[in-house]
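Single-structure report; data block below.
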Amino acid sequence: MTRTLLLTGGCGFIGSNFVRFVLANRPDWRIINLDVLSYSGNPENLADLEGDPRYRFVKGDICDMDTVAPLMEEADGVVHMAAESHVDRSIMDSKPFVVSNVLGTQTLLDAARRAKGGKGAGRFVLVSTDEVYGSLPLERPDLRFTEETPLQPNSPYAASKTGADLLARAAFHTFGMDVVTTRCSNNFGPYQFPEKVIPLFVTNLMENQQVPLYGDGKNVRDWIHVDDHCEGVLTVLEKGRAGEVYNIGGDNERSNLELTHAILDIMGKGKDMIRPVQDRLGHDRRYAIDASKMANELGWRPSRSAWPDALESTVRWYVDNRSWWQRVKSGAYREYYAKQYGAKG
Ligand code: NAD
Ligand code: DAU
């Protein structure tokens with residue numbers, strides 16, 4: 001069956017990988033990518049798809065009902081990824097997070113429900129995050145987040161994503177919408193904006209700069225390769241049950257110190273390249289995902305996230321694509337979309 005999928009945030013890190021993943025694995029699907037091109041949205045990530053009849057880019061804001069509503073008329077499925085995504089930025093200025101993550105999600109849910117004379121735009125997958133659960137103590141390695149773990153977000157980013165998550169829940173319970181939510185752990189892979197720890201550290205090292213490690217470096221994240229996440233979202237879109245939440249994780253817990261040492265080893269750099277810096281405010285100690293519901297119910301398991309191979313291939317991507325991240329770090333990528341789409345960025 002031909003499907004027209006409306007994807008939001010497709011010019012970002014996970015979104016651009018998701019576009020490629022879906023086009024490669026579902027040959028009869030079309031994707032409409034709605035993205036406002038914020039600082040982290042980079043259409044260069046998908047430049048090779050320009051002119052592809054199965055792919056259409058629409059520059060626009062998910063908060064703008066006039067933009068969103070006509071796109072919902074064309075869609076028979078929605079994957080909502082657009083968001084302000086970086087915790088440190090949310091600590092510096094929370095407002096854009098509330099606007100895009102909460103108001104934007106509500107606008108999309110309303111438009112999806114009203115589309116096609118009230119028949120709706122098909123299944124709506126909200127890409128949420130494991131950060132909605134808050135933090136686990138390092139002293140209890142036996143604990144992991146399940147879908148039943150209470151929501152206790154700690155950063156303005158996580159709180160805004162929790163707002164979106166709860167709006168999706170309400171849309172199912174109040175209006176009977178076909179909404180499914182995913183909560184995934186930390187992604188790594190190609191095209192990640194170099195403010196996030198892995199591309200920041202790799203690209204700093206390539207420029208012979210030190211890497212800023214927050215606090216004592218003992219904070220733990222559960223790392224998943226972006227393609228495993230993309231496959232998980234597609235699985236939920238096709239096979240998940242309406243109204244349900246599904247955790248997605250890489251079963252790959254590492255402290256930031258372990259991660260940093262692994263990157264230094266891969267890149268042949270010494271520990272003197274670590275610069276301990278002041279900790280992030282309210283820094284969550286540990287995230288760890290129990291993804292057994294995905295495995296038992298939908299047959300999904302992470303198959304591309306195991307280290308050292310997955311980390312090495314990711315580091316190699318940044319080494320091989322120096323011009324991509326240099327343009328992003330210098331802001332030069334904005335010229336591209338100013339020329340293509342008349343935006344200033
Ligand atoms: P990203 O910052 O790389 O990309 C976000 C994209 O959303 C950008 O292209 C941006 O232009 C777009 N966007 C932002 N506000 C918008 C708006 N108002 N209207 C239209 N487009 C807008 O983020 P990412 O890391 O790719 O994350 C994508 C999604 O996955 C987010 O919802 C994030 O919360 C979630 N998530 C991320 C991770 C991770 O490790 N990166 C893990 C779990 C969940
Ligand atoms: O868990 C899922 C979340 O993972 C997503 O919802 C977010 O969108 C995504 O940004 C990510 O959040 P984190 O805050 O965990 O990712 P970040 O890459 O910013 O940081 C990872 C860890 O590395 C964290 O413990 C903080 C630390 N860190 C980060 C930076 C940027 C450093 O030590 N130094 C740094 O310079």
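Atoms within each ligand, like the ligands themselves, are counted from 1 in listed order.
With hydrogens left out, the protein atom closest to atom 2 (C) of ligand 2 is Asp130 OD1, 3.2 Å, a heavy atom. Atom 3 (O) of ligand 1 has its closest protein heavy atom at Phe13 N, 3.0 Å. Among protein heavy atoms, the minimum distance from atom 29 (C) of ligand 1 is reached at Met81 O, 3.1 Å. Atom 40 (O) of ligand 1 has Asn187 N, 2.9 Å as its closest protein atom, hydrogens excluded (heavy atom only). Looking at atom 33 (C) of ligand 1, its nearest protein heavy atom turns out to be Tyr157 OH, 3.6 Å. When only non-hydrogen protein atoms are considered, atom 20 (O) of ligand 2 lies nearest to Arg280 NH2, 3.9 Å. For atom 35 (C) of ligand 1, the closest heavy atom belonging to the protein is Val127 CG1, 4.0 Å. With hydrogens left out, the protein atom closest to atom 43 (C) of ligand 1 is Cys184 O, 3.4 Å, a heavy atom. The protein non-hydrogen atom at the shortest distance from atom 14 (C) of ligand 1 is Ala83 O, 3.4 Å. Of the protein's non-hydrogen atoms, the one nearest atom 10 (O) of ligand 2 is Lys196 CE, 3.0 Å. For atom 18 (O) of ligand 2, the nearest non-hydrogen atom of the protein is Val197 N, 2.8 Å. Taking atom 27 (C) of ligand 2 as the reference point, the nearest protein heavy-atom neighbour is Asn256 ND2, 3.5 Å. The closest protein non-hydrogen atom to atom 16 (O) of ligand 2 is Asn186 ND2, 3.5 Å. Among all protein heavy atoms, the one lying closest to atom 26 (O) of ligand 1 is Ile14 N, 2.8 Å. In this structure, atom 12 (O) of ligand 2 lies nearest to the protein heavy atom Glu131 OE2, 2.8 Å. Of the protein's non-hydrogen atoms, the one nearest atom 29 (C) of ligand 2 is Tyr214 CE1, 3.5 Å.
Taking the six-membered ring for Trp and thresholds of 30 and 60 degrees, Phe124 and His80 have ring planes more than 60 degrees apart, a perpendicular arrangement.
A cation-pi arrangement is absent between Arg241 and Tyr246 under the rule of less than 6.0 angstrom and at most 45 degrees off the ring axis.
Considering backbone and side-chain N/O of Ser100, one or more are found under 3.5 Å from N/O of ligand 1. Polar contact check, Gly12 against ligand 1: a nitrogen or oxygen pair lies under 3.5 Å apart. Polar contact check, Asp35 against ligand 1: a nitrogen or oxygen pair lies under 3.5 Å apart. Residue Thr129 has at least one N or O atom closer than 3.5 Å to an N or O atom of ligand 2. Remark: ligand 1 and Glu84 share no N or O pair separated by less than 3.5 Å (distance only, no angle test). Residue Leu34 has no N or O atom closer than 3.5 Å to an N or O atom of ligand 1. Geometrically, ligand 1 and Val36 share a nitrogen or oxygen pair separated by less than 3.5 Å. Considering backbone and side-chain atoms together, Ile62 places an N or O closer than 3.5 Å to an N or O of ligand 1. Taking distance alone, with nitrogen or oxygen atoms compared against 3.5 Å, Ser38 approaches ligand 1 more closely than that limit.
Near Gly41, with a cut-off below 4.0 Å to any heavy atom, the atoms of ligand 1 are 8 (C), 9 (O), 11 (O). With ligand atoms numbered from 1 in the order given, ligand 2 contributes 36 (O) to contacts under 4.0 Å with heavy atoms of Leu200. Taking every heavy atom of Leu37 and a limit of under 4.0 angstrom, the matching atoms of ligand 1 come to 11 (O). Listed by number with element, the atoms of ligand 2 under 4.0 Å from a non-hydrogen atom of Val87 are 14 (O). Close approach of ligand 1 to Gly60 is summarised as follows: ligand atoms under 4.0 Å from at least one heavy atom of the residue are 19 (N), 20 (C). When each atom of ligand 2 is checked for a heavy atom of Glu195 under 4.0 Å away, the hits are 31 (C). Counting the atoms of ligand 2 from 1 in the order shown, those under 4.0 Å from a heavy atom of His283 are 24 (C), 25 (O), 26 (C). In summary, the atoms of ligand 1 found under 4.0 Å from a heavy atom of Ser85, numbered by their order in the structure, are 1 (P), 2 (O), 23 (O). Distances below 4.0 Å separate heavy atoms of Asp61 from the following atoms of ligand 1: 17 (C), 18 (N), 19 (N). Shown in contact with His86 at under 4.0 Å from a heavy atom are these atoms of ligand 2, numbered in order with element: 19 (O). Near Pro212, meaning under 4.0 Å from any of its heavy atoms, are these atoms of ligand 2: 32 (C), 33 (O), 34 (N), 35 (C), 36 (O). Counting atoms of ligand 1 from 1 in the listed order, those under 4.0 Å from a heavy atom of Ser185 are 40 (O), 42 (C), 43 (C). Distances below 4.0 Å separate heavy atoms of Asn186 from the following atoms of ligand 1: 40 (O). Distances below 4.0 Å separate heavy atoms of Tyr157 from the following atoms of ligand 2: 5 (C), 6 (O), 7 (C), 8 (O). When each atom of ligand 1 is checked for a heavy atom of Lys161 under 4.0 Å away, the hits are 31 (C), 32 (O), 33 (C), 34 (O). Under a 4.0 Å criterion applied to the non-hydrogen atoms of Ser85, ligand 2 contributes the atoms 7 (C), 8 (O), 9 (C), 10 (O).
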Item to check | ring pair (Phe, Tyr, Trp, His ring centres under 6.0 Å) evaluation trace for Tyr287 with Tyr133 | outcome: CA-CA 9 Å; Tyr287 303 146; Tyr133 296 123; 9.5 Å; no
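In this comparison of Ala158, Ser16, Cys11, Ala82, the heavy atom closest to atom 13 (N) of ligand 1 sits on Ala82. Across Ser40, Gly249, Gly10, heavy-atom proximity to atom 1 (P) of ligand 1 is greatest for Ser40.
Remark: Glu231 CD to Ser303 OG distance equals 5.5 Å, nearest 0.5 Å. Rounded to the nearest 0.5 angstrom, Glu147 CD and Thr181 OG1 are separated by 11.0 Å.
Put simply, the side chain of Leu5 does not reach to within 4.5 Å of the side chain of Arg30, judged on heavy atoms. The side-chain heavy atoms of Arg275 and Val211, taken from C-beta on, include no pair separated by under 4.5 Å.
Heavy-atom distances between Thr8 and ligand 1 stay at or above 4.0 Å for every pair. In this structure, Ser128 has a heavy atom closer than 4.0 Å to ligand 1.
Trp317 and Tyr191 have their aromatic ring centers within a separation under 6.0 angstrom. Between His225 and Phe188, the gap from one ring centroid to the other is short of 6.0 Å.
Ser305 pairs with exactly one of Asp251, Asp228, Asn187, Asp227 by the side-chain hydrogen bond (donor to acceptor under 3.5 Å, both in side chains) rule, that one being Asp228.
At a 4.0 Å heavy-atom cut-off, ligand 2 touches Leu213 through backbone and side chain alike.
Using a 4.0 Å cut-off between charged nitrogen and carboxylate oxygen, Arg54 and Asp52 do not count as a salt-bridge pair. A salt bridge links Lys329 with Glu207; the closest basic N to acidic carboxylate O contact falls under 4.0 Å. Between Lys161 and Glu84, none of the side-chain N atoms (NZ, or NE/NH1/NH2) sits under 4.0 Å from a carboxylate O, so this pair counts as no salt bridge.
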